[in-house]
Amino acid sequence: MKPKTSSKTYSLKSGRMSAGIRSLKASDPELFGYISDELGRQRSTISLIAAENIISEAVLEATGNILTNKSSEGYPGRRYHSGTLFIDKIESLAIKRAKALFDVPHANVQPLGGSVANFEVYLALCKPGDTIMGQSLIDGGHLSHGWHATAAAQIYKSAQYHVKRNGYIDIEEARRLAVKNRPTVIWIGSSAYSRKLPFKEFSSIADKVGAYLVADIAHVAGLIAGGVHESPVEYAHIITTTTHKTLRGVRGAIIMATRKGLGKDPMLSKKIDKAVFPGLQSATHNDMTAGIAATLHEASKPEFRKYARQVVENAKTLSHALINYGINIVTGGTDNHMMIMDLRNIRPGMGVFVEEALEMIGITTNRNAVPGDSSTPFYPSGLRLGTSAVTARGMKDEEMRHIARIIRDTVQLIRKYRLPEEPKERAAYLSEFRAGVIKDAKILNLRSEVSLIADKFPIYQDMKL
Ligand SMILES: *Cc1c(COP(=O)(O)O)cnc(C)c1O
């Protein structure tokens, strides 16, 4: 079932991409300069952003190339433009690999991103005015699962379930809401949730009310492919995923129908394909499709299983080390690649200070709400950390403990700051905070510590930008 494996190992090295960008250097030095600066930033800093990863040069080569010249609406063998022989082969290969990797009978690899894919699921399954149900954004869910500010929430009625005080998904609340609101679609899958997703429990809820269960595995797709997180394939009717998070690939998304889904609705594959094209999209982004094919190829190799195991091990090491330093972690740990620091024991609203101070020393993260947060979503009390990108660079336990100590030292430095109660005073206060912290000699020391770690785990070594 899995494609044949090759002995070539995952590598961030190879200078071959540099040829394509040399003409940009000559023709558009300003733009070239920014891309070059961004490569420098990625090389010299450490990304703990849970949604990010560092992809191989092979996947990079599959994207950003001449495939973007080709227009092709429709699906392989049924196109609205001529000249799609090789484009059809590429898309068919991506589809074949998605079906094999996730063990599903149908896959659509055209969605331009995760949110778009999820909207296409609504188009496939719902009539305007139907009810949809998902995990609330401030409880770790994703915008596209019915958050009030999105287009979907204007077209459909939205019911939102939450996490309990202990940070775990409130399955009982979800069951009550489902029985009361009779949603057409129920989502399971999160953006800021560090525990195993309760696929089985949600499938019993969906089956009870006749809803479609859609598992959005954007964050854990790589862990599922690598065998370190349960697959929803037996439980969900549809699976959606992005390809650029733990799956360690190009930016894109896939919608899949499971055997269970086709059992409930034999027209499901057709409905999905029609919702993608012509429902919401027209011409395909063929270099992205090739990137997805390359991503899925790497994710099917034995080395990828090792990578996924190390991602989770690194997350556990990092969270244990932080807890030992007295930093609270939501739910007390992690089962996947991420964790949420709960800074309320210092003060609510501290997320922004820690995020900004860490950025100054070269560690990127993002602030995040914690369960029952009394602060606002823009100034929440937590910080989300993930280990996909650092693991792709080759970092292991020792670096995780080192990074935990650096985070502890950074948190100590900013303890005295306090988010002003008055919203109008916040911008000025944050400017003062930035000006004050950047001058601190300890910040400079921490910055050089981070640079040393980053230098020890180089990326795209031969790329000349
Ligand atoms: C990231 C994410 C998405 C959206 O992906 P985009 O490509 O940013 O649109 C959807 N669902 C979940 C659970 C995510 O974490």
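For reference, positions follow the sequence shown, starting with 1. Source: prediction; values computed, not measured. Ligands are counted one by one from 1 in listed order, and the atoms in each one are counted from 1 as well.
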**Report entry** Ring center gap for Tyr122 and Tyr156 short of 6.0 angstrom
**Finding:**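 Yes, close enough.
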
Query raised in the report: Taking the six-membered ring for Trp, is the centroid-to-centroid distance between Tyr161 and Phe202 below 6.0 Å?
Result: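 Centroid separation for Tyr161 and Phe202: below 6.0 Å.
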
Requested in this report: Answer yes or no for atom 7 (O) of ligand 1: protein heavy atom present at a distance under 4.0 Å?
Outcome: yes

Near [X], which atoms of ligand 1 are under 4.0 Å from a heavy atom of that residue?
X	value
His244	7 (O)
Ala218	2 (C), 11 (N), 12 (C), 13 (C), 14 (C), 15 (O)
Ser191	12 (C), 13 (C), 14 (C), 15 (O)
His219	15 (O)
Thr242	5 (O), 7 (O)

Side-chain ([X]) to main-chain ([Y]) donor-acceptor, under 3.5 angstrom:
X	Y	answer
Gln281	Gln110	yes
Thr243	Ile292	no
Asn336	His229	no

Within-cut-off N or O pair, [X] and ligand 1, under 3.5 Å:
X	result
Asp216	yes
Lys245	yes
Gly114	yes

Query - Shortest protein heavy-atom distance from atom 3 (C) of ligand 1, along with the residue and atom involved - result: His142 NE2, 3.2 Å

Side chain, backbone, both or neither: which part of [X] comes within less than 4.0 Å of ligand 1 when only heavy atoms are counted?
X	value
Arg251	neither
Ser115	both
Ser190	backbone

Report task. Establish, from distance only, whether the side-chain atoms of Thr131 and Asn181 form a donor-acceptor pair under 3.5 Å. Result ->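 Looking only at side-chain atoms, Asn181 and Thr131 do not form any donor-acceptor pair under 3.5 Å.
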
Report task. Find out whether the Lys NZ or Arg CZ of Arg78 is both under 6.0 angstrom from the six-membered ring centre of Phe277 and within 45° of the ring's axis. Result ->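 Pair Arg78/Phe277 does not count as cation-pi.
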
Query raised in the report: Hey, are Asp103 and Arg259 close enough for a salt bridge, meaning a charged N less than 4.0 Å from a carboxylate O?
Result: yes

Report task. Output yes when Lys271 and Glu120 qualify as a salt bridge under the 4.0 Å nitrogen-oxygen rule, no when they do not. Result -> no

